[in-house]
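To start, the structure under review is shown below, and the notes come after it.
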2 protein chains.
Amino acid sequence: MNKYFEQLMKRIDKVMAFQAALTLFEWDAETLAPEESMTYTSKTIGILSNEYFTNLINDDVKKLIQKLSEEKEQKDLNFNQKAIVKDIKKSFKEMEHIPPAEYQAYSELTAKASGIWSKARQKKCFTDYSPTLEEIIYYLKKFAGYRGRKDKKPYDILLDDFEEGFNMEKLDEFFNKIKDAVISLLKEVAGKKDFVDKSYNYLHYDIDKQKEFCKYVSGYVGFDFNKGVIAESAHPFTTNIHNHDVRITNHFHENNLESAIFSIIHESGHGIYEMHIDDAITQTPVGTGTSMGMHESQSRFFENIIGRSKAFWTPLFPKLKETFPDQLKDITLDHFIKGINKAAPGLIRTEADELSYSLHIMIRYEIEKIIFEDEIKTEDLPEIWNEKYKEYLGIEPKDDGEGILQDIHWAGGSFGYFPSYAIGSAIAAQIYYHMKEIMPLEEYLTEGNLTPIREYLNTHIHKYGKTKNTNELLKEMMDEELNADYYVKYLTEKYKKLYDLN
Amino acid sequence: MNKYFEQLMKRIDKVMAFQAALTLFEWDAETLAPEESMTYTSKTIGILSNEYFTNLINDDVKKLIQKLSEEKEQKDLNFNQKAIVKDIKKSFKEMEHIPPAEYQAYSELTAKASGIWSKARQKKCFTDYSPTLEEIIYYLKKFAGYRGRKDKKPYDILLDDFEEGFNMEKLDEFFNKIKDAVISLLKEVAGKKDFVDKSYNYLHYDIDKQKEFCKYVSGYVGFDFNKGVIAESAHPFTTNIHNHDVRITNHFHENNLESAIFSIIHESGHGIYEMHIDDAITQTPVGTGTSMGMHESQSRFFENIIGRSKAFWTPLFPKLKETFPDQLKDITLDHFIKGINKAAPGLIRTEADELSYSLHIMIRYEIEKIIFEDEIKTEDLPEIWNEKYKEYLGIEPKDDGEGILQDIHWAGGSFGYFPSYAIGSAIAAQIYYHMKEIMPLEEYLTEGNLTPIREYLNTHIHKYGKTKNTNELLKEMMDEELNADYYVKYLTEKYKKLYDLN
């Protein structure tokens, strides 16, 4: 092994160990830790974050990166090693001007924030959360400033963190394309009031039975319980310690059948991605999904593109009926497919149908732009939120709980993340059209044989981790970079057919 | 604050953060982590252990300890600070001669070992576990050697780790005292074959209902769910991240009512101890129970001394009957009290009655002595184990699963720990006689008012953490150091009365 690379990895191994510990603390806080724990645990998290930071950002690492960027040393590195050096270099540039003490303070702040958010959400009271959110925004603006790219706007810097190469200009174009199509489809769909009677979905569904079925579905789509676990949390999410320890969560509602099922398929999609990162790169900086957008493409491919199709449910629906024989006795497969695809504007993003989902994202994207590019008081955000919901979806939250407090993301400092959801949907649609061409996708689903589908994704996306970026992966797969037209095409074809529109 | 102390604490804060992370990984491995995770997580644990080690054992810390040991600086320290310096000094002496690379390798080994032990136990196959155990013993002997106390035998060094001031000489005396009394009582008891029909205990008990009742009992004795959680693991245990995050586990058997109930009371006793460590010392090296023996005294005080008494169950038994009305319909309180106190030699330590329990400990103590003081092949240990069970308890395991593989301790490198269980029982008995003198203990229990009992323990033991050692605490409480006579008296009085012996 190249001696400089070896020296670098000795330091990076430490950085990755601190990151793993931080990931575990975060997972633990969301799923299990006692209510009062964070008062003290935040100190531990602050220290570990500081160790993470100072072991990554220091002169030794800087010199090693410089050395390893030289042509002579580059020649000595294999493909994965080059990618690792490139990724560390990027992180280094992002973080090198942030004072360690501020990074530690920010880490302690976000560690506490999710608890504060969670309580405020329960109380439906934005005011309780507003000062914390304001402090997080303050730090993020400050950090973006340190990153010293005068040619780049703060929000563009954040967007690039989540999806390399993306900025407001590209996203405005992207969303404009989708917006017109979605709004026009939603209007047409709104005319079909008798599309489906979905009352069956809101009957009483025993939670233990839901859990059992969800676990079954998770395994059915390919989540491997030797390398992964499911727990519960307020907001379903996926995380991973490495490729042999991938964790997803779910949440359950007694009076909603689909919520938990589609959450678990979604998170399983994320989980399957992380489980198939190559062993050679796990526990390195490139040993994770290449971007949030690509990650969301995988979760959404499973959740929506295949997970809401008739072919997918053909072998599965009998099992669901068996699990809930009384509630589903009069429901046919066709009825169920209509039910799970019914489009109707709602207030909660995670419960949104596939069609109106992008509008939820667009609202968040526009608000984040305002936060970072305009002068705005944090306390005014709920009003802006509510106005946008009225404008785009024609409905207004009755309180902050079903409004601005519904998402955990901002509490974790994840600004610039939301657009990944829409990008992910677009990538998923693009992959779908490609896969339909090269394999009998529907036949596989109808047979309940998901292996070739999953293996294709494993081989062409998952295993590479971050060694290839989104557009590189897409280009190698189908000789074309991300193209939102597929998503528009997909939504149009799907909803025209489903709703029998002309 | 003294400037040297401040400098020291800056370093120790880091050490404590690494320890907290390691504790969380260990907890997670026992309760949740997927089966294959440890293959890779052990690397992370190795690195964090190394950080723990090198941040504690280095010249800076050494110099600061030296400085802070000087009379002038000592005068400048308050009580807690002095205790912290003293404790760090002790740890430093224990570890300073161990090479960091060996410490890291050992930490990775023990991280993997519990998974190997667990699988071997399932397969009831000691051979699968033997090489790992041998390696652990090899390291421990080596480490004891490094500690360079030529006047001290290796096993004495390990014993002192768990209970300051204890060695084989003292323990031999301690166990001899107990052994005679226990063996003679067990013989008398064995004559009373019709003492109680305990078949009710082995009926079918719904696990969800057991969980609900156990959670209730845990809260009843004082475990605070704002600062603590219960999870499940193969082997019940307690751990803590700090005093506001204390975690206990339980295990459930469909055909055994008492097992889970007394496990949870036991672990709650440990948990209550950790929850009441003073805020001023939590997250410092003295912010935990003063010794394993004192810890076990608290768990056993709750589990056995009060938890198996008629007074304790007087207000609780109706609730238990309500939870399991069919199974317990013919069982009176007196019948139940006899049932939970029935003494009969068994093979499993954690299921043992209070009387024969010490014999299980004695067997482990004697085997550990052999391991560290004699030349013995690890592969011969099961035979020695089985012989000792035959000798002391008159019964022999039919396989290693109910023999030498039953305990997790050795897999974690905890040799010298087992005697703490017996010491703990002795301390508990001593505290019991003291408390009976100063408060209406039985009355409180009958009224279901555990607060004054718990508060007394909080104020006289728990809050001090490790700032006072076992004998100091006992002496301040009752003007007498540990005295095993109380334990012999307690067992004799209790079993004579219960079994109506003369």
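FYI, side chains are in, hydrogens and waters are out, and symmetry mates aren't considered; it's all heavy atoms of this structure. All chains are named by letter (A, B, ...) in the order of the sequence lines, taking the proteins before the strands, and each is independently numbered beginning at 1. In this text the structure is predicted, and so the values were computed from the model without any measurement.
Residue with the most contacts toward chain B among A:Q283, A:K43, A:K227: A:Q283 (heavy-atom pairs, distance under 4.5 Å). Per-residue heavy-atom pair counts under 4.5 Å with chain A were compared for B:E36, B:E35, B:M16, and the maximum is reached by B:E36. Per-residue heavy-atom pair counts under 4.5 Å with chain B were compared for A:T39, A:V229, A:N243, and the maximum is reached by A:V229. No other option in A:I45, A:I241, A:L32 has as many heavy-atom pairs under 4.5 Å with chain B as A:L32. Contact count versus chain A (heavy atoms, under 4.5 Å) is highest, among B:V246, B:D224, B:L48, B:T41, for B:T41. Note on B:G228, B:A231, B:G46: by heavy-atom pairs under 4.5 Å with chain A, the leading option is B:G228.
Side-chain contact between A:I264 and A:F213 is absent, with no heavy atoms from C-beta onward closer than 4.5 Å. Using a 4.5 Å cut-off on side-chain heavy atoms (C-beta onward), B:Q210 and B:N250 make no contact. Side-chain atoms of A:L24 and A:R247, non-hydrogen and from C-beta on, do get closer than 4.5 Å to each other. Put simply, the side chain of A:H270 does not reach to within 4.5 Å of the side chain of A:E274, judged on heavy atoms. Using a 4.5 Å heavy-atom cutoff, the side chains of B:D60 and B:R11 are in contact.
B:V286 pairs with exactly one of B:I277, B:I88, B:I84 by the side-chain contact (heavy atoms from CB on, under 4.5 Å) rule, that one being B:I84.
Counting only distance, with no hydrogens or angles, the side chain of B:Y273 and the backbone of B:S299 share no donor-acceptor pair below 3.5 Å.
Within the 4.5 angstrom heavy-atom criterion, atoms from both the backbone and the side chain of A:F25 approach chain B. Only the side chain of A:D208 comes within less than 4.5 Å of a heavy atom of chain B; its backbone N, CA, C and O stay farther away. Contact of B:D13 with chain A is made through backbone and side chain together, with heavy-atom distances under 4.5 Å. Only the side chain of A:I47 has a heavy atom closer than 4.5 Å to any heavy atom of chain B.
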